[in-house]
A.B. asks: 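Here's a structure for you.
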There are 2 protein chains.
Amino acid sequence: MAATAALLGLEKKSLREQALAALRTAITSGALEPGRHMVETELSEMLQISRGTLREALRQLQQEGLVSAGARGRLSVRHLDAKEIRDIYSVRAALESLAARTLCELPDRQHVIGSLRAAIQAMEASTHGTLEERVESDLDFHRTMCRLTGNETLLHSWESLEGSIRMSIMFAGLEKGVRNMSVDRHNDIVAAIETGDASLARNTIREHMDSAAAVLVA
Amino acid sequence: MAATAALLGLEKKSLREQALAALRTAITSGALEPGRHMVETELSEMLQISRGTLREALRQLQQEGLVSAGARGRLSVRHLDAKEIRDIYSVRAALESLAARTLCELPDRQHVIGSLRAAIQAMEASTHGTLEERVESDLDFHRTMCRLTGNETLLHSWESLEGSIRMSIMFAGLEKGVRNMSVDRHNDIVAAIETGDASLARNTIREHMDSAAAVLVA
DNA sequence: CAGAGGTCGACTGTTTACAGTCGCCGTGTT
DNA sequence: AACACGGCGACTGTAAACAGTCGACCTCTG
């Protein structure tokens, strides 16, 4: 059946989406170092796709803030300085505060709490995994939080920022980046949401983000 | 000199940017009604550009949430319901709260206050103008607020939301949309920022956004 | 009449080709 | 030696062509 492929995540993505994913990974993994000029012909050959298809992917990457435009449309991998990382985390904090607050106001939070605890368990499971895996499970938790609000716009805004967040972590070094990802902190967030105390949840998120940003730029 | 053209805003934009602007206007003005299927060949002919160029613009529009993808990559003009408008305004409130709070924490706010008052004067000047002009000057004020923070990520996130905001106003009807745009309310915001009281500024913004959303979905 | 199959038309996904522009570098001039 | 100039190469902007897919409608068959 058709749904099987969908359930298994095997639906064949368009070349554009594959290219987009590949480029995102290449940038956030550091394979394409910050500041590097991205030559369309070069990349299209590298990814084995046409320039037209590549350009569509680049537009999306640009919107996500992973590449920035220079003179005459020349694109290059974005370079983040300390201030930009702080700025990114400010916006991230604002969005996730909204998420936490929204979740606090839901009448029935049991399902939400369950999903979040499952995400935390996934983090625990990856504690002794690679740094990349730990980052991944951490971002999963936060993305899940945004998704559970049911606010598509919020989720979309967060996902638009996700690339920048990844770059921030990568830029500061994965070791540093992972330092903020304690299970305890995330349990605090879930606990705050469980109480339904919106301002407590908001403050918990904010502290989490502030300390994360502080560690990253240190 | 080359700078002259730049200063006058006369630099020739790429066809993609022109197309993007044209499509944005067409959608937010209602010329392309919500739900309408956007046929690439049709639009490229209408705009007198090639499909490749058009597709790049469409990718950006998609990222901004003005068009949504259906089956097999079919794009259609996004249709907003009441919940989505509330959701959009929740995110907007979160972003602008951050903006207001950030401005409150600036050591020297005189320049900021001046720019914001100028934006309000522009609103006053358009009080008896067309509805579109009033919406424009209102959005200018809020965009300016985000820009003055110096947080490029915040500005970018807000601008990504701008199209959705415009659609919300358009969808609810311009008459309704304009109802929130009193000069007084905006003076309150500036006054709050001037005092430097971050939580006051935040609450002022939130109330402004909440009532705006309430009027729009009423 | 119902249903299987087949053709057609409308789109999107993707590639290839062409045009314009800017920087670089060698050459010739003063 | 310094500088103006002109050809060359590298890229991006734009257009046009090709390929695949899905639904609609029509037809043939039982």
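All values below come from the heavy atoms of this structure, side chains included, with hydrogens, waters and symmetry mates left out. Each chain gets a letter, A, B and so on, in the order its sequence line appears, and its residues count up from 1.
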A.B. asks: Walk me through whether Arg59(A) and Arg55(B) qualify under side-chain contact (heavy atoms from CB on, under 4.5 Å).
C.D. replies: CA-CA 10 Å; Arg59(A) 268 336 132 214; Arg55(B) 282 171 65 95; over 6 Å; no

A.B. asks: When we call it a touch if two heavy atoms are under 4.0 Å apart, what does Ser14(A) touch: a base, just sugar-phosphate, or nothing?
C.D. replies: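 Sugar-phosphate, no base atom in range.
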
A.B. asks: Can you check the Glu40(A) CD to dT14(D) P distance for me, whole Å?
C.D. replies: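 It is 11 Å, rounded to the nearest whole Å.
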
A.B. asks: What closest approach, in Å, do Leu58(A) and Met38(A) show between heavy atoms, and which atom pair accounts for it?
C.D. replies: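 Shortest heavy-atom contact: CD2-CE, 4.3 Å.
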
A.B. asks: Just how far, in rounded Å, is C1' of dT14(C) from CD of Glu17(A)?
C.D. replies: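 Those two atoms, CD and C1', are 14 Å apart.
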
A.B. asks: Taking CG from Leu54(A) and C1' from dT12(D), how many angstroms apart are they, rounded to a whole number?
C.D. replies: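 Taking CG of Leu54(A) and C1' of dT12(D), I get 12 Å after rounding.
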
A.B. asks: If you round to the nearest 0.5 Å, how far is CG of Leu61(B) from CG of Leu75(B)?
C.D. replies: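 So the CG of Leu75(B) and the CG of Leu61(B) are separated by 9.0 Å.
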
A.B. asks: Kindly say if Ser50(B) contacts the phosphate of dA15(D), meaning a side-chain N or O under 4.0 Å from OP1 or OP2.
C.D. replies: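 Yes, such a contact exists.
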
A.B. asks: Name the orientation class of the two ring planes belonging to His142(A) and His186(A) (parallel below 30°, tilted from 30 to 60°, perpendicular beyond 60°).
C.D. replies: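 The rings of His142(A) and His186(A) stand perpendicular, inter-plane angle above 60°.
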
A.B. asks: What nucleotide, of dA15(D), dG13(C), dT15(C), holds the atom closest to the side chain of Thr53(B)?
C.D. replies: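 The closest nucleotide is dA15(D).
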
A.B. asks: Can a donor-acceptor pair under 3.5 Å be found between the side-chain atoms of Arg51(B) and the base atoms of dG13(C)?
C.D. replies: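 Counting by modelled atom types and ignoring angles, a donor-acceptor contact under 3.5 Å is found here.
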
A.B. asks: How long is the line joining CZ of Arg72(B) and P of dT14(C), in whole Å?
C.D. replies: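 Checked: the CZ to P distance equals 14 Å.
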
A.B. asks: Quick check on DNA chain D: between Gly52(A) and Arg74(A), whose nearest nucleotide comes earlier from the 5' end?
C.D. replies: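 The 5'-side residue here is Arg74(A).
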
A.B. asks: I want to check one thing: is the phosphate of dT12(C), taken as OP1 and OP2, less than 4.0 Å away from some side-chain N or O of Arg55(B)?
C.D. replies: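 No, no such contact exists.
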
A.B. asks: What integer distance in Å separates Ile49(A):CD1 from dA19(D):P?
C.D. replies: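 After rounding, the gap between these two atoms is 20 Å.
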
A.B. asks: Rounded off to whole Å, could you give me the CG-to-C1' distance for the Leu15(B) and dC18(C) pair?
C.D. replies: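 The answer, rounded to whole Å, is 15 Å.
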
A.B. asks: Taking CG from Leu58(A) and C1' from dT14(D), how many angstroms apart are they, rounded to a whole number?
C.D. replies: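 So the two atoms are 16 Å apart, to the nearest Å.
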
A.B. asks: In this structure, how many angstroms lie between the C1' atom of dT12(D) and the CD atom of Glu56(A), rounded?
C.D. replies: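 After rounding, the gap between these two atoms is 16 Å.
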
A.B. asks: Output yes when at least one side-chain N/O atom of His37(A) is less than 4.0 Å from OP1 or OP2 of dG23(C), else no.
C.D. replies: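 So the side chain of His37(A) is outside the cut-off, no N or O lying under 4.0 Å from OP1 or OP2 of dG23(C).
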
